[in-house]
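Below is one structure, written out as structure tokens; the observations come after it.
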Amino acid sequence: MQIEETALPGVLILTPARHGDARGFFSESWNRRTLEEAGVRLPEFVQDNHSLSAKAGTLRGLHYQAPPHEQGKLVRCGRGALYDVAVDGRHGSPTYGQWVGVELSFENGRQLWVPPGFLHGFVTRVDDTEVVYKCTGFYDKAADGAVRWDSLGIDWGVADPLLSDKDQAAVPFADWQSPFEA
């Protein structure tokens, strides 16, 4: 497993090895022992999610779950391609409001670890993109929240994304009251 640090402490890019031949490939997308041997200790995962976005330019985010239901997410692309973003939402953090973006695709096999206290969002690059992610907390509708996708200067690579009603109505980052502390 290749492990890369990003500009935001705690946010990691994990790229599992792929073993392939003429039939295709095999990969361990998650192995706690392999990560711990490399010095990476992630919380326990309790839920797996799978989303399909039918059209390129579908943007989901920036989402979070407020404490005590916060979630860390290990995100990968099962099919297609996406631009995945993590934003530090921890009030008092030296990197508060800063973000990193990573291309995740079926072809590159990369995964992004988004720790609890970070906002998460992605935009699809191709039609029929599937996103699969492990979560460290269970979904709780009352804790669900969103910050406006275009309020942090992120270059999503799309001018007019397809958005849910929730994401269209999200508050700008400057007006958001973070429930997270560093």
Side-chain angles (χ1 to χ4, degrees), residues 6-13 43 47-78 80-105 110-182:
T6 68
L8 297 180
V11 177
L12 302 172
I13 301 168
Q47 177 177 313
D48 281 5
N49 295 340
H50 185 158
S51 77
L52 169 69
S53 296
K55 296 292 182 188
T58 299
L59 196 149
R60 299 176 188 264
L62 298 160
H63 298 157
Y64 67 93
Q65 281 210 168
H69 303 286
E70 61 268 35
Q71 291 180 324
K73 298 176 182 176
L74 181 60
V75 184
R76 66 185 173 93
C77 182
L82 61 121
Y83 185 63
D84 203 42
V85 173
V87 178
D88 190 344
R90 300 168 301 156
H91 187 266
S93 166
T95 56
Y96 179 73
Q98 295 179 28
W99 59 273
V100 295
V102 178
E103 291 285 338
L104 304 181
S105 69
R110 298 169 103 190
Q111 302 178 77
L112 186 66
W113 164 243
V114 181
F118 285 70
L119 309 175
H120 175 250
F122 63 86
V123 64
T124 59
R125 299 290 196 220
V126 299
D127 290 350
D128 296 322
T129 292
E130 294 185 37
V131 180
V132 182
Y133 54 103
K134 302 178 101 39
C135 299
T136 62
F138 295 108
Y139 175 77
D140 184 283
K141 185 174 180 151
D144 191 35
V147 170
R148 191 155 168 89
W149 66 278
D150 61 353
S151 63
L152 282 156
I154 298 168
D155 181 4
W156 295 96
V158 60
D160 190 23
L162 298 170
L163 299 169
S164 69
D165 292 342
K166 168 185 162 180
D167 291 338
Q168 288 178 18
V171 298
F173 188 80
D175 298 336
W176 179 59
Q177 297 296 312
S178 174
F180 305 107
E181 293 294 326

### Query
For L82 and V131, what are the C-alpha separation, side-chain angles and deciding distance, and is it a side-chain contact (heavy atoms from CB on, under 4.5 Å)?
CA-CA 8 Å; L82 61 121; V131 180; 3.5 Å; yes
To check you understand the geometry: which heavy-atom pair defines the closest contact between [X] and [Y], and what is its length?
{"X": "T58", "Y": "S53", "value": "CG2-OG, 3.6 Å"}
{"X": "A7", "Y": "P9", "value": "O-CD, 3.5 Å"}
{"X": "L62", "Y": "G121", "value": "CD2-N, 3.9 Å"}
{"X": "P43", "Y": "T136", "value": "CB-CG2, 3.8 Å"}
{"X": "V114", "Y": "L119", "value": "CG1-O, 4.1 Å"}
{"X": "D167", "Y": "A146", "value": "OD1-CB, 4.0 Å"}

Any pair with a residue in [range] that passes salt bridge (Lys or Arg N to Asp or Glu O under 4.0 Å), sequence neighbours left out, goes on the list, sorted by first then second residue, please.
{"range": "residues 55-73", "answer": "none"}
{"range": "residues 125-139", "answer": "D48-K134, R79-E130, E103-R125"}
{"range": "residues 141-158", "answer": "D144-K166, R148-D150"}

Indicate yes or no for a side-chain donor-acceptor contact from [X] to the backbone of [Y] under 3.5 Å, with no hydrogens or angles considered.
{"X": "T6", "Y": "V11", "value": "yes"}
{"X": "W149", "Y": "V123", "value": "no"}
{"X": "T129", "Y": "G80", "value": "no"}
{"X": "Q71", "Y": "Q65", "value": "no"}

Rounded distance [0.5 Å steps], [atom1] in [X] versus [atom2] in [Y]:
{"X": "L74", "Y": "L12", "atom1": "CG", "atom2": "CG", "answer": "9.5 Å"}
{"X": "R110", "Y": "C77", "atom1": "CZ", "atom2": "SG", "answer": "12.5 Å"}
{"X": "L163", "Y": "Q168", "atom1": "CG", "atom2": "CD", "answer": "5.5 Å"}

#### Entry: Min side-chain heavy-atom separation I13-L112 under 4.5 Å
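When only atoms from C-beta onward are counted, L112 and I13 do touch, with a gap below 4.5 Å.
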### Message
Considering only residues two or more places apart or on different chains, which pairs with a residue in residues 114-137 satisfy ring pair (Phe, Tyr, Trp, His ring centres under 6.0 Å)?
### Response
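For residues 114-137, and leaving out neighbouring residues, there are no ring pair (Phe, Tyr, Trp, His ring centres under 6.0 Å) pairs at all.
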### Query
Could you walk me through whether V87 and I154 pass the side-chain contact (heavy atoms from CB on, under 4.5 Å) check?
CA-CA 10 Å; V87 178; I154 298 168; 4.2 Å; yes
### Task
Show your reasoning for whether side-chain contact (heavy atoms from CB on, under 4.5 Å) applies to V85 and L152.
CA-CA 11 Å; V85 173; L152 282 156; over 6 Å; no
Could you pull out every donor-acceptor pair under 3.5 Å between side chains of residues 170-182 and any protein atom, sequence neighbours left out?
residue : atom : partner : partner atom : Å
W176    : NE1  : Y64     : OH           : 3.1
S178    : OG   : G89     : O            : 2.4
S178    : OG   : F180    : N            : 3.1
S178    : OG   : F180    : O            : 3.3

### Query
Which side-chain hydrogen bond (donor to acceptor under 3.5 Å, both in side chains) pairs, counting each pair once, include a residue from residues 92-102, with sequence neighbours left out?
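Matches after skipping sequence neighbours: D88-S93, D88-T95, R90-S93, S93-T95.
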### Message
Just checking H91: does its NE2 atom have more than 12 heavy atoms from other residues, nucleotides or ligands closer to it than 6.0 angstrom?
### Response
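Atom NE2 in H91 is not crowded, with 12 or fewer foreign heavy atoms closer than 6.0 Å.
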